[in-house]
Amino acid sequence: MPMKGRFPVRRTLQYLSQGDVIFKSSVKVMTVNYNSAGELSEGARKFVFFNIPQIQYKNPWVQIMLFRNMTPSPFLRFYLDNGEQVLVDVEDKTNREITEHIKKILGKSKETLEKEERERRKLSHPATFGPKKYHLRECICEVEGQIPCPAVVPLPKEMRGKYKAAVKDEA
Amino acid sequence: PAWGPRLVPARGRKTRHDPPAKSKASRLKVPPPVDPEELLVVIERYRQHRLVLGALRAEFRAEVLQKRREALMSQDGSAELLEEHQRLMAWNEEENARQRARREERLRKEEEEQKRQKLQAAETRARKMEALLKEKEKEVLQLQEEAKSFITPENLEARIEECLDNPRNYNFAIDKEGRIVRRTVLP
């Protein structure tokens, strides 16, 4: 399959999952105004090119809009659900600085993420058996070191119910 | 129900349009016999069972909803989060102010630079104009000087006489080293 685009690495799952900006649940819309030309917009351009796919991957429910060549200087604007608007000036900043900045002001902190992770783990018990959608395993035969599935490898005679019943009848 | 999803019609050999068999002409369809006391007892038992189950289900449903609502409340409006948010917004404002200061600084510098450039350009232009004027002046003076030795109709005769009197010899020889020799004699 051919690689598409100038930096096809941006389309790989590994790259996308490396994005570390996860917005708080109150952020609904992110708007980026930047210019296609000019030294000062360089950081914003790189941010749009490299970091926005990562952000969108991690925040699929946040709407991101890009506006080109509408204002003389580049900036970001966040619209929260209580109507508040947060303006971030990004003129003359590198894309790394921009990501750090928005992570600091509107990203979920590490403690929050860990807490959520713990909550999620509490919901599902790893020792239960059932459909693959909700549990790890469906049958004990899937575990390494246990008896293989009798559908694939027949059980030895001594373990089968019909043999044991026959022996009991005989005795 | 007669036509439930698990009840497949078991008509067998005949379709619905075939007449029933002669042996079935005197068949009387009789519903299954019912014992009234047993029926009452069974109905009562079922009623109680369903009541209990419904109540249990409602109980569990309420509990789950309660838990969900409580989780939402604890997560949403807590003073700590709001205060944190305010702090971060303030920091963002400061950052913006700093950026503004930097930008103004830059713009000011650029303006100064431009002004300087303009002045420089004006100066160089002025100097060039001056130089040009001087050149022109020099040329005019030179021409004036030369005009003194021009040939006019008045001194035409005198100049001709002068030229005829002093013949000029333009002949010369030159060798490869560049030494010139004027030995030809005019007749």
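Residue numbers begin at 1 in each chain, while the letters A, B, ... track the order of the sequences.
- More than 12 heavy atoms of other residues, nucleotides or ligands shown are found within 6.0 angstrom of CD on A/Glu117.
- Looking at A/Glu91, its side chain never comes within 3.5 Å of a backbone N or O of B/Gln99 through a donor-acceptor pair.
- In this structure, A/Val86 is a member of the same hydrophobic cluster as A/Ile52, with clusters built from ILVMFWY side-chain heavy atoms closer than 4.5 Å.
- Only the side chain of A/Leu80 comes within contact range of chain B, with at least one heavy atom under 4.5 Å from a heavy atom of that chain.
- A/Lys93 touches chain B through its side chain: at least one heavy atom from C-beta onward sits under 4.5 Å away, while N, CA, C and O do not.
- Note: B/Arg103 CZ to A/Asp89 CG = 4.5 Å, rounded to the nearest 0.5 Å.
- Cluster membership for A/Leu76 and A/Ile22, using ILVMFWY side-chain heavy atoms within less than 4.5 angstrom, is not shared.
- For A/Ser73, the part lying near chain B is the side chain, with the backbone staying farther off; criterion is any non-hydrogen pair under 4.5 Å.
- Linking Ile, Leu, Val, Met, Phe, Trp and Tyr whenever their side-chain heavy atoms come within less than 4.5 Å leaves A/Tyr79 and A/Val88 in two separate clusters.
- When heavy atoms are compared at a cutoff of 4.5 Å, A/Glu119 does not approach chain B at all.
- The side-chain heavy atoms of A/Asp92 and B/Arg106, taken from C-beta on, include a pair separated by under 4.5 Å.
- For A/Lys162, the NZ atom is loosely surrounded, since the number of other residues' heavy atoms within 6.0 Å does not exceed 12.
- Within a 6.0 Å radius of CD in B/Glu146, other residues, nucleotides and ligands contribute more than 12 heavy atoms.
- Other residues, nucleotides and ligands place no more than 12 heavy atoms under 6.0 Å from the CD atom of B/Glu137.
- A distance of 6.5 Å separates NE2 in B/His85 from CG in A/Asn82, rounded to the nearest 0.5 Å.
- Looking at residues two or more places apart in sequence or on another chain, you find no side chain to side chain donor-acceptor pair (under 3.5 Å) involving B/Glu161.
- Residues from residues 86-97 of chain B that place a non-hydrogen atom less than 4.5 Å from a non-hydrogen atom of chain A comprise B/Leu88, B/Met89, B/Trp91, B/Asn92, B/Glu95, B/Asn96, given in numerical order.
- B/Leu51 and B/Val42 fall into different hydrophobic clusters, where Ile, Leu, Val, Met, Phe, Trp and Tyr residues are linked whenever their side-chain heavy atoms come under 4.5 Å apart, directly or through other members.
- One hydrophobic cluster, built from ILVMFWY side chains closer than 4.5 Å, holds both A/Ile55 and A/Val62.
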